[in-house]
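So the structure is just underneath, and the comments pick up after that.
For ligands, and for the atoms within them, numbers begin at 1 and follow the listed sequence. A quick note: this is a predicted structure, and the numbers were derived from the prediction, not measured. We're numbering straight along the sequence, starting at 1.
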Amino acid sequence: MTQDFKIAVFAGDGVGHEVTPVAKTILDAAAARSGLKLSYQDLQGGAQCWRDTGHEIPPADYAAAGKADAILLAAMGLPNIRYNDGREITPQISIRFHFDLYAGVRPVRPIPGVRHILADPAAAEMDFVIIRESIEGLFAPSAPGTLTDDDATETMLITRANSERLFDFSFRLAERRKAQGHQGKVTCVDKANVFAAFWFFREIFEKRAEAFPDIIADAAYVDAFSMQMVQRPLTLDVAVTENMYGDILSDLGAALMGGMGYAPSADIGDDHAVFQPCHGTAPDIAGKGLANPTAMIQSGAMMLEYLDEKLGAPEATQAASLVRKAVDAAFAGGDLVTCELGGDAGCAKVQAAVLAAMEGIEA
Ligand code: ATP
């Protein structure tokens, strides 16, 4: 019997509406080839939704997403729709708190054939993962900042319980990667030399490392680590860090891969998971047909792997592998050049190239 997965889909705002149909089409093609069915439920959420309904994500849509096997989210937020205090509407962040999605998984692996920014050709081999803590740190809603006419403060919250599960998640990921031939190393990225909160974070990391003796436990200050990402990316395997640092470092990772349109991600909790590209709604290119859907497609591949891990469906891992191979094959010749890299390949061209490449791949 064909396994049928329920996928909640938030296209959101801006280019979200352009990259979502592409991802669905590619995922459907891979699923059909692998004996799977993906049943999508399109849900409301985003800045426009907030303007129209007064809700970032309406309660009924949150409830529906909670019942799905996985959530696929494109991008939300628009610079011209803001709260009175100037903040943008950010349901793509709120959803992490709502579903307790503490581990943001951001792989940094350039696609062969996509021009990357580093001059050293060996950099094409980089393959590491940033784990961005996603519900605490400087983004914790339970530790809001203060604002007066004269000063503003922000609070960074780090708790022992959340850090422990975050580090365990990172060490387990390093174990799985080690089985696939990676180093088996986790680097704790912090600023433990200056902030007590980060010394606390580092101490918890070192304590949890004792439970994973086969994995190397490494540590780096965030400033030095950002240099390492550029100068010695091949030395990295899994890096785990605080929310704000992870936000910044994952954009650096996206730049190393060719641009925001190449950076996939997953926000994972113990019961739910959201898969969304690292990029935002890109209002500067929305509606022009220029958006690169690759990050959204690759986020979909991460979702398929999660479905196998969560629900035990090896066909989903097979479909994920088909998607990745098709994306790699589409870009391999170097002729498919997206707008971040000066080309004109947007959603239509990338979709056609990936589908054509998939045809030629043995399942
Ligand atoms: P957010 O804060 O919501 O993550 P952001 O303000 O960092 O968003 P993005 O919307 O990600 O900004 O856009 C940053 C830059 O990357 C813009 O120049 C945008 O055009 C480009 N960009 C983002 N997504 C894509 C994409 N899918 N394809 C091509 N370029 C993109």
Next item on the list: Check whether any heavy atom of C339 sits under 4.0 Å from an atom of ligand 1.
Entry: yes

Note to self: Looking at ligand 1, is there an atom of it that comes within less than 4.0 Å of some heavy atom belonging to V15?
What the structure shows: no

Check: Within 45° of the six-membered ring axis of F139 and under 6.0 Å from that ring's centre, is NZ or CZ of R96 located there?
Finding: no

Note to self: Please determine whether a side-chain nitrogen of the Lys or Arg among E164 and R208 lies less than 4.0 Å from a carboxylate oxygen of the Asp or Glu.
What the structure shows: no

Notebook entry, point to check: Aromatic rings Y306 and F275: how do their planes relate, parallel, tilted or perpendicular, breaks at 30° and 60°?
Noted result: tilted

Notebook entry, point to check: Where on T90 is there a heavy atom closer than 4.0 Å to ligand 1, on the side chain, on the backbone, on both, or on neither?
Noted result: neither

Next item on the list: Check whether any heavy atom of I285 sits under 4.0 Å from an atom of ligand 1.
Entry: yes

Notebook entry, point to check: Quick one: which of I93, N292, L78 has a heavy atom closest to atom 26 (C) of ligand 1?
Noted result: N292

Note to self: As a quick check of understanding, evaluate side-chain contact (heavy atoms from CB on, under 4.5 Å) for W50 and Y83, giving each step before the final call.
What the structure shows: CA-CA 10 Å; W50 178 79; Y83 295 116; 3.7 Å; yes

Next item on the list: Return a yes/no value: protein heavy atom under 4.0 Å from atom 6 (O) of ligand 1?
Entry: no

Next item on the list: Return the residue, atom name and 0.1 Å-rounded distance of the protein heavy atom closest to atom 18 (O) of ligand 1.
Entry: D284 OD2, 3.0 Å

Item checked: E359 vs L355 side-chain heavy atoms within contact, under 4.5 Å -> no

Next item on the list: List the steps, then state whether ring pair (Phe, Tyr, Trp, His ring centres under 6.0 Å) holds for F201 with F167.
Entry: CA-CA 10 Å; F201 191 67; F167 295 139; 4.9 Å; yes

Check: Taking NZ, NE, NH1 and NH2 as the nitrogens, is one of them in R165 or D100 under 4.0 Å from a carboxylate oxygen of the other?
Finding: yes

Check: Between T159 and E136, do the side chains contain an N or O donor and an N or O acceptor separated by less than 3.5 Å?
Finding: yes

Margin query: Going by a strict under-4.0 Å cutoff (protein heavy atoms only), does atom 11 (O) of ligand 1 have a neighbour on the protein?
Written below: yes

Check: Hey, which atoms in ligand 1 end up nearer than 4.0 Å to a heavy atom of A291?
Finding: 28 (N)

Item checked: Where ligand 1 meets E340 - atom numbers and elements under 4.0 angstrom, heavy-atom basis -> 28 (N), 29 (C), 30 (N)

Check: Is any N or O atom of G280, backbone or side chain, closer than 3.5 Å to an N or O atom of ligand 1?
Finding: yes

Next item on the list: State whether F5 and K37 meet the cation-pi test: NZ (Lys) or CZ (Arg) under 6.0 Å from the six-membered ring centroid, and within 45° of the perpendicular axis.
Entry: no

Next item on the list: Pull out every atom of ligand 1 sitting under 4.0 Å from any heavy atom of H279, numbered as shown with elements.
Entry: 11 (O), 23 (C), 24 (N), 27 (N)

Notebook entry, point to check: Quick check: does D251 get an N/O under 3.5 Å from an N/O on ligand 1?
Noted result: no

Checklist line | Sub-3.5 Å N/O-N/O distance, L290 and ligand 1 | finding: no

Item checked: G77 to ligand 1, any heavy atom closer than 4.0 Å -> no

Margin query: For F205 and F171: C-alpha separation, side-chain torsions, deciding distance, then whether ring pair (Phe, Tyr, Trp, His ring centres under 6.0 Å) applies.
Written below: CA-CA 10 Å; F205 173 77; F171 282 113; 5.3 Å; yes

Notebook entry, point to check: With the threshold set at 4.0 Å, does a side-chain nitrogen-carboxylate oxygen contact exist between K6 and D69?
Noted result: no

Next item on the list: Tell me which one of A75, G261, A282, P79 gets a heavy atom nearest to atom 21 (C) of ligand 1.
Entry: A282

Item checked: Nearest protein heavy atom with distance in Å, relative to atom 15 (C) of ligand 1 -> M260 CG, 4.3 Å

